Amino acid sequence: MSFAKKILTWYAANKRSLPWRGERDPYRIWLSEIILQQTRVAQGTPYYLKFLSAFPTVYDLANAPEERVLKLWQGLGYYSRARNLHSAAKTVVGDMEGVFPSDYKGLRKLKGVGDYTASAIASICFNLPEPVVDGNVYRVLARYFGVELPITSSEGIKYFKSLAREVMDGDNIREYNQGIMEFGAIQCVPKSPNCTRCPLKASCTALQQGRILELPVKAKKAKVRHRHFNYLYLEDVSGKTLLQQRTKKGIWQNLWEFPLIESDKNITEEALVSQLDGFLDAGKVQEITRYNDSPVVHKLSHQHLHTVFWMVKTDEILENGIPWSDVHKYPVPVLIADFFAKIRTFEA
DNA sequence: AACACGGGGCG
DNA sequence: CGCCCAGTGTT
């Protein structure tokens, strides 16, 4: 049996009874879909009922003051949904004689109606073969077909949409779309799904590979942190330089590097000089040269280090100074090692 | 492509 | 109590 037929069979036997279940009126389906964006059924249901009671038709909603719409929405979160809901109602009443668009493209033009919601309304109300891809669908498809593409990448979004279209039952789209979402919500849940009793277990790729809990992949919002490093490439009268060990937790713990001045953003030479105090006797500085014009960007998985190397010649004798012939004995980050290599080339 | 936008449920 | 959830609009 095809994947779609299995979903349809499961849905026929397991669907919950919900206030909007079986509904085909675009106003009601639209209202339910907007409320259910990023919201669990249990939380959204009372809001659906009170909105329907306060605004039985799209005209009632369009003619209400925004204050009242927001007040009814209070507690549901993501309040732009309420403002967009109101705006779309005004559009439907003002520009469309109170009749909702009856295809994906038209629906998509309404404020607050994106790809998912347009597909949901088109399929549920008008039985148009548009696949829905919400969080439930991502999870079900990723597991059943063993898709490892991150659902958060633009490539993943495209891939899942086309996969969803490939495997859908276009002849029963109204039931199928609701079925796959319901299946994700009830059976193929994010944490500890009951695979033992799943009717799709025999053909589920992730289950057979023991990777249920790894799918779907969400490229971790490895938020890249940007840092600005200023390394002091010191040189004293005897030609020695200075390296320091990084003792704190974080990147490169216990590795060695040049004396470091970290700044919020790119730093000027004047600003740098004013911070030289703790490192050496500023009065004995002979010459400062910015070694690289544009910062070297060293990329770690979660940090981008915008690095400037400053060559600082001093008349001091550096305590603990290291002769250049010895620097290669110290464990240093690649960023520093690359600089060593460059210096060697430059000075050779 | 990255970010902002809320609340509730869960371990 | 920190982590997870995952549509749309904006920049």
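Numbered from 1 within each chain, the chains take letters A, B, ... in sequence-line order. This is a predicted model, so every value here is computed, not measured.
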At less than 4.0 Å, is any side-chain N or O atom of [X] found next to OP1 or OP2 of [N]? Yes or no.
X        : N     : value
A:Arg139 : C:dC5 : no
A:Lys191 : C:dC3 : no
A:Thr117 : C:dT8 : yes

Quickly work out the [X] [atom1] to [N] [atom2] distance and round it to whole Å.
X        : N      : atom1 : atom2 : result
A:Leu70  : B:dG6  : CG    : C1'   : 14 Å
A:Lys111 : C:dT10 : NZ    : C1'   : 11 Å
A:Gln43  : C:dA6  : CD    : P     : 14 Å
A:Trp73  : B:dC5  : CH2   : P     : 17 Å
A:Lys218 : B:dA2  : NZ    : P     : 17 Å
A:Ile157 : B:dA2  : CD1   : P     : 11 Å
A:Leu213 : C:dC4  : CG    : C1'   : 14 Å
A:Lys161 : C:dT8  : NZ    : C1'   : 14 Å

Which nucleotide sits closest to the side chain of [X]: [options]?
X        : options              : result
A:Tyr116 : C:dG7, C:dC5, C:dT10 : C:dG7
A:Asp134 : C:dT10, C:dT8, C:dG7 : C:dG7
A:Gln38  : C:dT8, B:dG8, C:dG7  : C:dG7

Please say which of A:Trp310, A:Tyr233, A:Tyr231 ends up in a ring-ring contact (aromatic ring centres under 6.0 Å, His included) with A:Phe339.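 Option passing the ring-ring contact (aromatic ring centres under 6.0 Å, His included) with A:Phe339: A:Tyr233.
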
Would you mind listing the cluster partners of [X]? Hydrophobic ones only (ILVMFWY), side-chain contacts under 4.5 Å, chaining allowed.
X        : result
A:Val237 : A:Ile317
A:Leu213 : A:Leu207, A:Ile212
A:Leu215 : A:Val217

Which residues pass the side-chain hydrogen bond (donor to acceptor under 3.5 Å, both in side chains) test with A:Arg16, not counting sequence neighbours?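 Per chain and number, A:Arg16 pairs via side-chain hydrogen bond (donor to acceptor under 3.5 Å, both in side chains) with A:Glu182.
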
A:Asp115/A:Lys161 ion pair, N-O < 4.0 Å: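 Yes, A:Asp115 and A:Lys161 are salt-bridged.
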
Give me the residues of residues 141-148 of chain A where at least one heavy atom lies under 4.0 Å from an atom of DNA chain B, by number, or none.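 Of all residues in residues 141-148 of chain A, none places a heavy atom under 4.0 Å from DNA chain B.
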
Can you list every pair that meets ring pair (Phe, Tyr, Trp, His ring centres under 6.0 Å) and has a residue in residues 157-180 of chain A, with sequence neighbours left out? A:Tyr138-A:Phe160

Near-strand residues of residues 78-85 of chain A, defined as heavy-atom separation under 4.0 angstrom from DNA chain C: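 When residues 78-85 of chain A is checked for heavy atoms under 4.0 Å from DNA chain C, the hits, listed by number, are A:Tyr78, A:Asn84.
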
Residue pairs involving residues 43-66 of chain A (criterion salt bridge (charged side-chain N to carboxylate O under 4.0 Å, His left out); sequence neighbours excluded): none

For the backbone of A:Gly75 and the side chain of A:Tyr79, can you confirm whether one donor and one acceptor N or O come within less than 3.5 Å of each other?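 Checking the backbone N and O of A:Gly75 against the side chain of A:Tyr79, a donor-acceptor pair under 3.5 Å is found.
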
Same-atom distance (P) from B:dG11 to C:dA6, integer angstrom: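 Rounded to whole Å, the distance is 15 Å.
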
C:dT8 versus B:dG9 - spacing of their C1' atoms, nearest Å: 23 Å

Partners passing side chain to side chain contact (heavy atoms under 4.5 Å, CB included) against A:Ser203 (at least two apart in sequence or in another chain):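 Applying side chain to side chain contact (heavy atoms under 4.5 Å, CB included) to A:Ser203 gives A:Lys6, A:Tyr144.
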
Assign A:Gln37 to base, sugar-phosphate, or nothing according to its heavy-atom contacts below 4.0 angstrom with the strands shown.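 Sugar-phosphate only.
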
Nearest heavy atom decides the nucleotide; on that basis, is A:Ser192 or A:Ser153 closer to the 5' end of DNA chain B?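 Of the two residues, A:Ser153 wins.
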
